[in-house]
Amino acid sequence: MVSLRFLGTGGARWVVAKQIRSSGGFWLRADGTNVHVDPGPGALVRALTQLPPCDPALLDAIVLSHKHLDHAGDVNAMIEAMCQGGWRPRGALCAPRDALDEAQQPVVLPYARRFVPREWIVEAHAGPFEIGAVELRASLRLEHPVEAYGLHFRTAAARVSYLPCTRYFDAIVDDYKQHAPDVLVMNILRYRDSMDVDHLTIDDARTLIDGIRPGVAIMSHFGTRMLERDPARLAYELEDATGVKTFAAYDGWVYDVA
Ligand SMILES: [Zn+2]
Ligand SMILES: [Zn+2]
């Protein structure tokens with residue numbers, strides 16, 4: 001059994017600062033293996049208040065796509081919870097080098113980093129890295145102000161690819177197509193690009209779905225403009241245009257992949 005639980009579906013400073021949507025990232029569960037991806041502000045509280053709770057002491061890995069606050073704000077709290085305050089070292093920490101390196105304003109505090117017995121540096125096309133029933137590979141380097149990578153998860157039953165925050169460029173499609181995802185999770189923060197920023201828009205989402213042709217597409221990590229326009233309706237329009245089943249994630253939503 002493989003499932004995704006969205007502990008947060010908000011992105012961008014304003015949505016996160018006001019917690020209009022939560023910012024806890026998502027939790028991948030596959031045959032007894034638990035992986036938490038992008039634990040932004042509030043992730044620990046969101047995990048513990050799910051019904052049934054997502055128990056951090058059962059985590060096998062914490063993964064960061066990049067070190068921005070909306071993806072990593074709770075990473076130290078989650079590490080402490082996974083390793084029970086350091087008394088029971090457990091699991092793996094997977095993150096880009098600039099999230100760990102003490103010379104580059106790390107977001108993982110050095111003391112917390114020492115609690116985790118396994119560490120995997122996420123870098124372009126790295127992997128496979130084995131986490132229980134899950135194999136993890138990194139995508140090409142994305143275009144974002146800090147080191148950022150997509151993540152390709154593979155289990156015996158399904159392939160799940162995650163495209164975090166980035167500017168759109170054609171090589172993303174080639175990289176993701178090779179991994180033939182059953183489910184593609186995309187961070188569609190912006191509606192249309194009024195400013196020139198390193199984030200995906202609804203138009204990029206359509207290009208990505210058309211190019212990658214995943215089994216199912218899921219949008220998440222919404223900014224204000226996306227929320228104003230009703231992500232569920234936009235997902236329906238995308239599905240109409242591409243023929244690919246498309247969802248807009250919401251806080252607490254569980255998607256059963258396989
Ligand atoms: Zn970012
Ligand atoms: Zn983000």
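Counting convention: from 1, in listed order, for ligands and their atoms alike.
Angle OD2(Asp70) to the Zn ion (ligand 2) to SG(Cys165), rounded to 10°: 160°.
Residues Leu136 and His152 are not in side-chain contact: their nearest non-hydrogen atoms beyond the backbone lie 4.5 Å or more apart.
When distances to the Zn ion (ligand 2) are checked against a cut-off of 2.8 Å, His199 contributes no N, O or S atom below that limit. In summary, an N, O or S atom of His66 is located under 2.8 Å from the Zn ion (ligand 1). Within the coordination shell of the Zn ion (ligand 1), defined by N, O or S atoms under 2.8 Å, His68 is present. Put simply, His221 gets within reach of the Zn ion (ligand 2), with an N, O or S atom under 2.8 Å from it.
Within the 3.5 Å criterion, the main-chain N or O of Thr201 finds a donor-acceptor partner in the side chain of Asp204.
Ring pair Tyr255/Phe247: centre-to-centre distance below 6.0 Å.
Here Lys67 does not pair with Glu147 in a salt bridge; the nearest charged N to carboxylate O distance is not below 4.0 Å.
Looking only at atom types and distance, the side chain of His199 has no donor-acceptor partner in the side chain of His221 under 3.5 Å away.
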